[in-house]
Amino acid sequence: MAAPVLVTSALPYANGSIHLGHVLEYIQTDILVRFLKMTGQDAVYMCADDTHGTPIEVNAWRAGVTPEEYIAPYYVEHQRDFADFSIACDCFYTTNSPENQHHSEYIFERLREQGHIVTRPVTQYYCEQDGRFLPDRFIRGTCPHCKAAEQYGDVCEACGTTYSPTDLSDAHCVLCGATPVMRESVHYFFTISAYEDFLRDWMGTPGRVQPEVRRFLETWINEGLRDWDVSRDGPYFGFKIPGEDNKYFYVWLDAPVGYIATTQKFCGDTGRDFDAYWHNPEATIYHVVGKDITYFHALYWPAMLHGAGYTLPRKVLVHGFLTVNGEKMSKTRGTFITARTYLDHLDPQYLRYYYAAKLNGRVDDLDLNLEEFVHRVDAELVNKIANLVSRVVPFVNRHFEGRLGRLDDNVKPLVNDVRARLPRVRESYERMEFNRAVQEIVAIAEIGNKNFQDAAPWELVKQNPPAAQAVCTFAVNCCRTVAALIKPVLPQYAADVEAILHVEPLLFDDAARFDLEEHEIGAFTRLIERVDARQINAMVEASKENLDAAPARPAAPVEALEPEIDLDAFSRVDLRVATVLQAETVEGADRLLRLRVDIGNEQRTIFAGIRQSYAPGDLLGKQVIVVANLQPRNMRFGVSEGMLLAAGPDGTDVVVAEFAQPRQPGQRIR
RNA sequence: GGCGGUGUAGCUCAGCUGGUCAGAGCAUGCGGCUCAUAUCCGCAGUGUCCGGGGUUCAAGUCCCUGCACCGCCA
């Protein structure tokens with residue numbers, strides 16, 4: 001038997017629900033695996049929940065449960081979402097497993113034996129109140145570059161500058177508000193630079209990664225591969241580093257190992273040979289990942305596998321992000337749609353079809369345009385593909401008691417035409433250019449429709465029933481061909497057609513047969529409904545509601561109070577009533593709105609980091625509170641002449657302070 | 001700020017190593033059919049191939065530059 005194929009998609013993080021962006025990747029992977037299986041390859045799809053790391057540890061702590069308790073419901077939820085989208089993992093496991101611990105430790109030890117793990121002290125912020133080192137995302141302070149307040153420890157969302165948390169002038173702990181101290185800790189580093197030649201060779205082999213990805217990776221290598229910190233101090237949720245009391249593997253060390261661990265679990269459950277996958281240079285391993293995690297999968301991961309003697313990936317397939325209606329998914333616009341919200345309103349087959357029709361195998365972002373979605377599903381899937389079955393099957397049942405005749409010689413050219421297209425479909429699937437495959441399949445459905453139209457069996461049946469029967473026979477064969485070809489994308493549709501036509505489960509090669517003759521077909525059943533546009537709207541509305549209802553965010557600990565000040569100190573802060581005259585987005589800044597406000601005797605321009613919570617129109621005419629005597633601040637996009645008062649834990653959930661009754665602009669607030 | 005990607009008809013996109021490459025589908029308009037629980041089939045127009053330079057006998061296709069959008073920066 002040929003060497004096995006193993007395909008993975010990136011592991012969903014077990015601290016939240018999956019959304020349609022995740023689903024894009026899983027559907028893409030699922031289509032590939034189904035195609036491989038249909039063409040007789042011994043392929044499996046492995047996936048798992050990614051369960052470790054600081055965010056889950058902290059969220060569990062905030063929720064007052066253990067990390068294991070915290071991740072458990074997501075494990076159930078994710079599997080249900082997968083199943084309901086017909087995403088058929090052969091095994092869906094978890095990184096919080098003994099198998100994963102074993103392989104993580106094994107890889108670590110092998111790398112250490114070879115001298116590619118070194119230790120080095122690292123000085124970083126430590127919160128004495130919480131008793132923990134603070135990752136960059138758990139520190140906030142004022143950006144050293146543009147002086148924007150309340151920025152994360154690694155990047156300023158106002159000006160985009162990246163820096164180290166120690167560059168923040170007033171760093172404080174996100175969890176408790178306390179000022180952290182510097183503390184030293186010894187960390188383990190993976191000296192990946194030792195693998196530079198190996199990596200150049202690996203990714204230099206054609207087909208490993210898409211060309212644009214390779215260029216991207218080469219710039220990393222050319223800049224010099226830096227040692228990778230693979231340890232974290234406790235408290236942490238993960239695997240302890242052997243021989244250490246309070247140090248753990250960084251989540252990115254054990255997450256991809258989950259691919260291996262899941263395979264181990266799968267082999268244990270099914271009696272398959274684990275080594276045939278992970279200790280077999282003939283095995284084909286594909287990783288499907290989003291472009292944000294390219295470097296983990298195409299640099300660290302192959303190096304780790306190589307160092308520890310596991311099978312190397314044959315291909316890392318990188319895809320872009322999902323946008324909705326041309327824009328980044330947005331909670332306020334209702335385009336941040338979870339898998340479940342979609343399923344509550346629409347048929348999963350629509351999305352599988354739409355994604356397939358747009359996936360081109362490149363790293364481009366894919367846009368889910370909801371109007372196009374409706375149109376494309378109706379015009380192609382329903383009107384062309386399903387309608388062919390709908391027009392011929394009831395016809396055969398009505399006029400010929402469900403029996404097919406024989407194919408007429410005059411359809412030979414059409415059969416040849418269809419057969420000539422099959423290699424292109426196959427090749428498009430192999431290259432992950434599902435859009436071309438779908439295009440070709442629709443064209444084949446059109447051939448079936450056109451012949452049926454031109455031959456007009458509804459007329460022919462009056463004079464020459466056998467001739468009409470032959471026309472129908474060809475159309476039914478087209479139905480089978482189309483169903484076989486679209487089966488990786490629409491397994492449910494294909495199964496329904498198989499049932500109607502009374503044929504065995506279709507394989508890819510069945511598409512070429514055209515030998516369904518003198519055969520009795522079954523009754524017609526509806527295959528797929530047209531998209532109900534109202535359901536689209538309902539889904540978008542529900543996505544907005546989810547946001548409002550989202551109680552999920554556990555109450556953040558209340559920030560510590562600032563030192564006491566006297567009245568004089570307060571009165572030096574000049575707060576004024578201001579009316580918002582203009583509000584607009586700032587090009588190049590995701591978080592900022594540029595506001596023009598009236599503060600009585602003058603107007604001011606203020607940049608406020610509230611774009612994620614407010615659309616410009618939301619603020620027009622509103623009366624807000626402005627710090628009017630704040631030193632003007634030079635920002636990348638202009639000068640900000642004041643500051644807006646608002647409350648919120650971060651930039652995505654901010655409420656601007658307003659007045660319950662109208663006030664005159666310029667009035668002072670005391 | 002550095003790096004990378006993208007920019008082709010109203011929309012979604014094909015156009016590989018430069019020479020019928022200015023295309024397809026949808027949308028639009030017109031015509032035909034009625035088997036279709038999902039309407040299909042045919043015909044027709046539309047484009048400074050993002051702007052500006054350059055290389056070449058020849059450039060969406062190569063080079064430089066500008067602009068816009070997207071992403072990455074361990």
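Every chain is numbered from 1 and lettered A, B, ... according to where its sequence line falls, protein lines coming before strand lines.
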**Asked** Counting any heavy atom closer than 4.0 Å, what does Phe296(A) reach on the DNA or RNA strands: base, sugar-phosphate only, or nothing?
**Response** nothing
Looking only at U39(B), C33(B), A14(B), the nucleotide nearest the Asn383(A) side chain is U39(B)
Give one of base, sugar-phosphate or nothing for Glu371(A), where a contact means two heavy atoms less than 4.0 Å apart.
nothing
For this session: Determine the Euclidean distance between corresponding P atoms of C41(B) and A27(B); express it in Å to zero decimal places.
Result: 11 Å
Re U20(B): Watson-Crick or G-U wobble partner, both distances kept under 3.5 Å, found to be none
- Task: Describe the nucleic acid contact of Asn360(A) in one word from base, sugar-phosphate, nothing, applying a heavy-atom distance below 4.0 Å.
- Result: sugar-phosphate
For the backbone of Thr95(A) and the side chain of Asp254(A), can you confirm whether one donor and one acceptor N or O come within less than 3.5 Å of each other?
no
Any strand, both distances under 3.5 Å, Watson-Crick or G-U wobble: G60(B) pairs with none
Would you check if Phe395(A) stacks with the base of C35(B), given a 5.5 Å centroid limit and a 30° plane limit, both strict? no
_I'd like to know if Gln453(A) reaches the base of C35(B) with its side chain such that a donor and an acceptor end up less than 3.5 angstrom apart._
yes
Walking RNA chain B from its 5' end, the first of Leu299(A) and Ile528(A) to be reached, judged by nearest nucleotide, is Ile528(A)
Expected label for G60(B) (glycosidic angle, syn inside 90° of 0, else anti) would be syn
* Asked: Taking atom P in both U12(B) and G4(B), what distance in whole Å separates the two?
  -> 27 Å
Problem set entry | Donor-acceptor pair under 3.5 Å, Asn387(A) side chain vs A36(B) base | yes
Taking C35(B), C13(B), C73(B) as options, the one with an atom nearest any side-chain atom of Lys358(A) is C13(B)
For this session: Write down the distance separating the P atoms in U17(B) and C63(B), rounded off to the nearest Å.
Result: 11 Å
Point to revise | C1' spacing across the pair G10(B) / G66(B), given as an integer number of angstrom | key: 27 Å
Answer for the Watson-Crick or wobble partner of U34(B), both distances under 3.5 Å, is none
Item to complete: Mind checking Leu381(A) for me? I need base, sugar-phosphate or nothing, with any heavy atom below 4.0 Å counting as a touch.
Response: nothing
Checklist entry - Are Phe249(A) and Phe108(A) near enough that their ring centres are under 6.0 Å apart? => result yes
Residue set satisfying side chain to side chain donor-acceptor pair (under 3.5 Å) with Asn383(A), at least two apart, ordered chain then number -> Arg530(A)
pair_partner(C26(B)), Watson-Crick or wobble, both distances < 3.5 Å, evaluates to G10(B)
Presence of donor-acceptor pair under 3.5 Å, side chain of Ser390(A) and base of A38(B):
yes
Given the ring of Phe321(A), does Lys291(A) sit roughly above its face, with NZ or CZ under 6.0 Å from the centre of the six-membered ring and within 45° of the axis? yes
Open item on the list: With a cut-off of less than 4.0 Å, is there a side-chain N or O of Lys384(A) near OP1 or OP2 of U39(B)?
Closed with: no
Testing U34(B), C41(B), C40(B) for proximity to the side chain of Glu446(A), the answer is C41(B)
Quick one: side chains of residues 458-470 of chain A, donor-acceptor pairs under 3.5 Å with protein atoms, not counting sequence neighbours, listed by atom name and distance.
unit_1	atom_1	unit_2	atom_2	d
Asn464(A)	OD1	Ala467(A)	N	3.3
Gln469(A)	NE2	Arg403(A)	O	2.9

Quick one: is His399(A) getting a side-chain N or O under 4.0 Å of the C35(B) phosphate, OP1 or OP2? no
| task | For A68(B) and C26(B), measure between their P atoms and round to the nearest Å. | result | 36 Å
Mind checking the P distance from U6(B) to C62(B)? Whole angstroms is fine.
10 Å
Query raised in the report: Is the shortest side-chain N/O distance from Arg391(A) to OP1 or OP2 of C33(B) below 4.0 Å?
Result: no
Between the CG atom in Leu225(A) and the OH atom in Tyr300(A), the distance rounded to the nearest 0.5 Å is 7.5 Å
Please report the distance separating the P of A9(B) from the corresponding atom of A74(B), rounded so that it comes out in whole Å.
37 Å
Answer for the Watson-Crick or wobble partner of G71(B), both distances under 3.5 Å, is C3(B)
Quiz prompt | Whole-Å C1' distance, U61(B) and C72(B) | solution = 28 Å
**Request:** Check whether NZ of the Lys or CZ of the Arg Arg232(A) lies under 6.0 Å from the centre of the six-membered ring of Tyr250(A) and within 45 degrees of that ring's axis.
**Result:** yes
Can you see if the side chain of Tyr295(A) gets near the phosphate of C72(B) - specifically, an N or O under 4.0 Å from OP1 or OP2?
no
Assign each of Arg226(A) and Ala357(A) the nucleotide of RNA chain B bearing its closest heavy atom; nearer the 5' end lies the nucleotide of Ala357(A)
